[in-house]
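Bear in mind the structure is a predicted one, so any value in this text is a computation, not a measurement.
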Amino acid sequence: MSRARITLDAEARARLAAAYPQALSPAPTQRLRVIAIIAMLAGIAVFSFWRLDFNLDRIGSGLAQLGHFLTLMVPPDPGTQLPLYIHALGETLAIAFLGTLLGAVVAFPFGFLAAKNVIPNIFAHFAVRRLLDTVRGVDRLIWALIFVTVVGLGPFAGILAIATASFAELGKLFSEAVEALDRKPVEGIVSTGGSDVEAVRFGMLPQVLPVLASQLLYYFESNARQSTIVGIVGAGGLGLHLAEQIRVLEWQKVSFLILMMLAMVATIDFISSRLRFSIIGKTRLEP
């Protein structure tokens, strides 16, 4: 039995080698190319570690200092500022929700304008794509710094920063979802005399809306985390209080704020995952 299995395995390997010689027996030049790429990447990594002053001793001392900070954080204690922190938590959720909603509303038409199968004009398509790339190339934290300077401190700047970054990122994702849809329903509507608007309304939207809704829920979850980061630069929410407490070395309050952030993210993740699975047709997680 074992000999027969070994013979069959050998025959299978021989057939595979005959059918795919390049995959199983690559040419020497291809092997040298792979080795050269790996060696180049390793050399770049070593040079980067050296140039950026990578030091294992500093990592060890940093871990010791981090352990000291963790002991100072126990037990978490909000002091007398629990109502203020709860209000800041509400601000953080509002920043994430309104920023994601505004970004999605603006990104929705741009997602269709950036799709090749909707706007075949290469110049218009190129202009919309480069606009999304330009806005997406600036991080949320940078947008927060810009809007804090423009509109002042507070959650309004955070909403604008989250909305601007989400607009560009969701616009790109929306356009890719539109480009990946099945063209047959659209062609069927057009062949029966339907207009281009009707083709989009009845041929494209039913296919892409579940995908867009799932992406939107994921971005709300992601922006709930990011809204705490933009708050550190003065854009309101928990991040503003977190930066203040770190500055005055109130480590017990810092740990309490971090726990509030973790609880918020875990709750949003649980709810959004259930909503995503219900949107795409799954009502429960499969093992």
Side-chain angles (χ1 to χ4, degrees), residues 94-152 155-227 229-230 233 235 272 276 279-280:
I95 291 171
F97 176 75
L98 293 176
T100 307
L101 180 63
L102 289 175
V105 169
V106 181
F108 185 76
F110 276 87
F112 284 90
L113 293 174
K116 294 180 181 178
N117 53 349
V118 177
I119 305 296
N121 187 299
I122 186 173
F123 299 105
H125 174 265
F126 179 83
V128 175
R129 279 296 181 105
R130 297 296 75 77
L131 172 64
L132 295 176
D133 290 342
T134 302
V135 178
R136 193 172 69 253
V138 181
D139 189 73
R140 284 170 173 78
L141 193 60
I142 306 301
W143 283 119
L145 289 170
I146 293 173
F147 285 117
V148 163
T149 304
V150 173
V151 302
F156 183 50
I159 292 172
L160 294 177
I162 294 294
T164 304
S166 298
F167 147 69
E169 294 170 356
L170 287 172
K172 181 178 184 297
L173 292 176
F174 288 178
S175 66
E176 292 176 350
V178 173
E179 289 177 346
L181 57 80
D182 187 4
R183 291 287 301 174
K184 292 180 181 178
V186 178
E187 294 170 354
I189 293 173
V190 173
S191 65
T192 56
S195 64
D196 292 338
V197 175
E198 290 172 335
V200 173
R201 166 65 182 85
F202 299 103
M204 290 185 176
L205 283 181
Q207 296 186 68
V208 300
L209 279 181
V211 179
L212 303 189
S214 178
Q215 292 172 345
L216 187 60
L217 286 171
Y218 172 77
Y219 259 78
F220 171 62
E221 173 194 332
S222 176
N223 285 336
R225 297 190 298 268
Q226 295 295 328
S227 59
I229 303 300
V230 300
V233 297
S272 63
R276 278 200 302 271
I279 288 171
I280 64 177

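By the side chain to side chain contact (heavy atoms under 4.5 Å, CB included) test, F126 is found to be paired with R130, residues two or more places apart in sequence or in another chain being considered. Among residues two or more places apart in sequence or in another chain, the side chain to side chain donor-acceptor pair (under 3.5 Å) test is passed with T164 by none. Judged as a side chain to side chain contact (heavy atoms under 4.5 Å, CB included), and not counting sequence neighbours, the contacts of V105 are L101. Scanning for side chain to side chain donor-acceptor pair (under 3.5 Å) contacts around Q215 gives an empty result, with sequence neighbours left out. The ring pair (Phe, Tyr, Trp, His ring centres under 6.0 Å) search around Y219 returns none, not counting sequence neighbours. Residues forming a side chain to side chain contact (heavy atoms under 4.5 Å, CB included) with A124 (at least two apart in sequence, or on another chain): I119, N121. Qualifying ring pair (Phe, Tyr, Trp, His ring centres under 6.0 Å) partners for F97, counting only residues two or more places apart in sequence or in other chains: none. Remark: A224 pairs with A96, M264, I268 by the side chain to side chain contact (heavy atoms under 4.5 Å, CB included) rule, at least two apart or across chains. Applying the ring pair (Phe, Tyr, Trp, His ring centres under 6.0 Å) test to F112 and every residue at least two apart in sequence or in another chain returns F108. Qualifying salt bridge (charged side-chain N to carboxylate O under 4.0 Å, His left out) partners for E169, counting only residues two or more places apart in sequence or in other chains: R140. Residues that satisfy the side chain to side chain donor-acceptor pair (under 3.5 Å) test with D139, not counting sequence neighbours, are absent from this structure.
For residues 96-122, no residue pair satisfies the salt bridge (Lys or Arg N to Asp or Glu O under 4.0 Å) rule, not counting sequence neighbours.
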